Amino acid sequence: GAGEDFRVMADPLRVLIVDDSGEHADLVREMVRSAGSWPDALVMQAGSYAAALDCVQRQAFDLAFFDYWLGAEDGLRLLREIRQRGFDFPVIVLTGHGAEDIAVDAMKAGAADYLSKTNLTVETIGRAMRHALAIGFGELQKRAAEQALRGSEERFRALVENSWEVLLLLDVEGRITYTTPSITRQFGWRPDQVIGTRLVDLLHPEDQRPVAQRLNNALGRPGERMMTEARIRHVDGSFRSMDAIVVNRLHEPPVDAVVFNARDITDRKSTR
């Protein structure tokens, strides 16, 4: 699986086995090393809940096996606690009691897999490890993608919120669904005052028909950039002359709007 390939190419696999039976922990360790892909795995053993917490705080692990019964404590509580502390390596829960409700509880607690001690083999250990590592690698990729997306959203937000150009998003009927804060700097309107308003209703009466026609043309030409010019009403009743680019991006799910990007040219020409 993807997780196994990732680990084989990287450093030796680091595994933690938490079991209050040293004999059983030794057996799992040997099965891990015999499973085929990880003969050089670095395996640590912890015989108690407290010892396990100490291990995960001192060393990074790629995978762990938690025994369900740990004396007076249990492996699911340990799993919940390490998740709360921010440790997210995949965990396989082991138990001598194959009750279905324990399996369900293990998955709810965030376990990657669940194995009964009564039928452990090198094959079942290996299969569970590959599955758990694939899940862990998938989560890493997902978090990296989410982090990249958050970064791009923050850059976009910084760009539009500090731009002097006015960016409006319009629905298929020409109503404003989003505007950048620059609309306040340019026209005095607060965004909440114009959201839901038809763009043409903010235009000089002479410009309403030609701009409406341009928006209508954009609906039939997705992705095509169209230039237009319009006078937009300031909150004080005056009009500002704007050059604008109109692009129909209704077909693009992340945008789902007609984009109207306007730049003030009042200083370059007198209002008609």
Side-chain angles (χ1 to χ4, degrees), residues 1-8 10 12-39 41-143:
E4 180 189 355
D5 294 340
F6 170 74
R7 291 307 320 167
V8 167
L13 192 72
R14 295 159 300 183
V15 180
L16 174 64
I17 301 170
V18 183
D19 197 323
D20 58 355
S21 164
E23 184 180 340
H24 191 266
D26 290 342
L27 174 66
V28 174
R29 185 188 66 229
E30 292 312 311
M31 286 184 170
V32 165
R33 288 180 171 158
S34 302
S37 299
W38 311 278
L42 302 175
V43 182
M44 283 193 69
Q45 295 172 212
S48 69
Y49 190 104
L53 281 182
D54 186 54
C55 281
V56 299
Q57 289 174 101
R58 285 190 292 105
Q59 183 173 334
F61 292 97
D62 301 301
L63 175 70
F65 291 88
F66 287 0
D67 188 14
Y68 181 79
W69 296 108
L70 294 171
E73 305 286 357
D74 72 73
L76 300 194
R77 184 179 162 206
L78 174 61
L79 175 53
R80 293 186 191 100
E81 180 158 351
I82 68 160
R83 291 288 183 258
Q84 287 169 359
R85 293 184 182 216
F87 300 103
D88 55 5
F89 52 82
V91 172
I92 298 168
V93 173
L94 302 174
T95 180
H97 304 267
E100 284 301 314
D101 57 335
I102 294 178
V104 171
D105 287 346
M107 294 309 180
K108 284 182 179 176
D113 212 337
Y114 165 92
L115 291 174
S116 170
K117 288 182 175 182
T118 56
N119 57 8
L120 278 188
T121 65
V122 170
E123 289 72 27
T124 59
I125 286 272
R127 188 163 56 245
M129 289 177 68
R130 281 187 284 274
H131 175 243
L133 289 168
I135 289 174
F137 187 54
E139 285 297 316
L140 276 176
Q141 290 177 309
K142 181 181 172 185
R143 282 198 301 277

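Predicted model only: the values in this text are computed from it and were never measured.
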Student: A side-chain contact here means heavy atoms from C-beta on lying under 4.5 Å apart; do Arg29 and Phe65 qualify?
Tutor: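 Heavy-atom side-chain distance check fails, nothing below 4.5 Å.
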
Student: How long is the gap from CG on Leu16 to CG on Leu42, to the nearest 0.5 Å?
Tutor: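 Here the rounded value is 12.5 Å.
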
Student: Any idea which heavy atoms bring Asp62 and Pro12 closest together, and the distance?
Tutor: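 Smallest interatomic distance, heavy atoms only, reads OD2-O, 4.0 Å.
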
Student: In the structure I gave you, are the side-chain heavy atoms of Gln45 and Val28 within less than 4.5 Å of one another anywhere?
Tutor: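 Sidechains of Val28 and Gln45: no contact.
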
Student: Is it the case that more than 12 heavy atoms not belonging to Glu23 sit under 6.0 Å from its CD atom?
Tutor: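 It does not: Glu23 CD has 12 such atoms or fewer within range.
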
Student: Within this structure, what is the CG-OH distance for the pair Asp74 and Tyr49, rounded to the nearest 0.5 Å?
Tutor: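 Here the interatomic distance stands at 8.0 Å.
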
Student: side-chain contact (heavy atoms from CB on, under 4.5 Å) between Ile92 and His131: does it pass, once the steps are laid out?
Tutor: CA-CA 10 Å; Ile92 298 168; His131 175 243; over 6 Å; no

Student: Side chains of Tyr68 and Leu76: does their closest heavy-atom pair fall under 4.5 Å?
Tutor: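 Answer yes - side chains close enough.
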
Student: State, yes or no, whether a side-chain contact exists between Phe61 and Ile82 at a heavy-atom distance under 4.5 Å.
Tutor: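 Sidechains of Ile82 and Phe61: no contact.
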
Student: Would you say the side chain of Trp38 lies within less than 4.5 Å of the side chain of Leu63, judging by non-hydrogen atoms?
Tutor: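 Not in contact.
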
Student: With heavy-atom distances below 4.5 Å as the criterion, would you say the side chains of Met31 and Leu120 are in contact?
Tutor: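 Yes. Closest side-chain heavy atoms under 4.5 Å.
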
Student: Search all heavy atoms of Ala111 against all heavy atoms of Val93 and return the closest pair with its distance.
Tutor: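 Answer, listing the atom of Ala111 first, then Val93: CB-CG2, 3.8 Å.
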
Student: Could you tell me the separation between the CG atom of Leu78 and the CZ atom of Arg80, rounded to the nearest 0.5 Å?
Tutor: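 Spacing of CG (Leu78) from CZ (Arg80) equals 10.5 Å.
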
Student: May I have the step-by-step check of salt bridge (charged side-chain N to carboxylate O under 4.0 Å, His left out) for Arg127 and Asp113, ending in yes or no?
Tutor: CA-CA 10 Å; Arg127 188 163 56 245; Asp113 212 337; over 6 Å; no

Student: Working to the nearest 0.5 Å, report the span between CD1 of Ile17 and CG of Leu94.
Tutor: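 Separation between the atoms: 8.5 Å.
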
Student: Distance alone, cut at 3.5 Å: any donor-acceptor contact between the side chains of Gln59 and Arg14?
Tutor: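 Gln59 vs Arg14: no donor-acceptor pair found between side chains.
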
Student: How far apart are the closest heavy atoms of Thr95 and Asp67, and which atoms are they?
Tutor: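 The answer is CA-OD1, 4.2 Å.
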
Student: Could you report the tightest heavy-atom contact between Gly126 and Ala35, atom names first, then the distance?
Tutor: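 What the structure gives for the nearest pair is CA-CB, 3.9 Å.
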
Student: Roughly how far, to the nearest 0.5 Å, is the CG atom of Leu53 from the CZ atom of Arg58?
Tutor: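 Going from CZ on Arg58 over to CG on Leu53, the span is 11.5 Å.
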
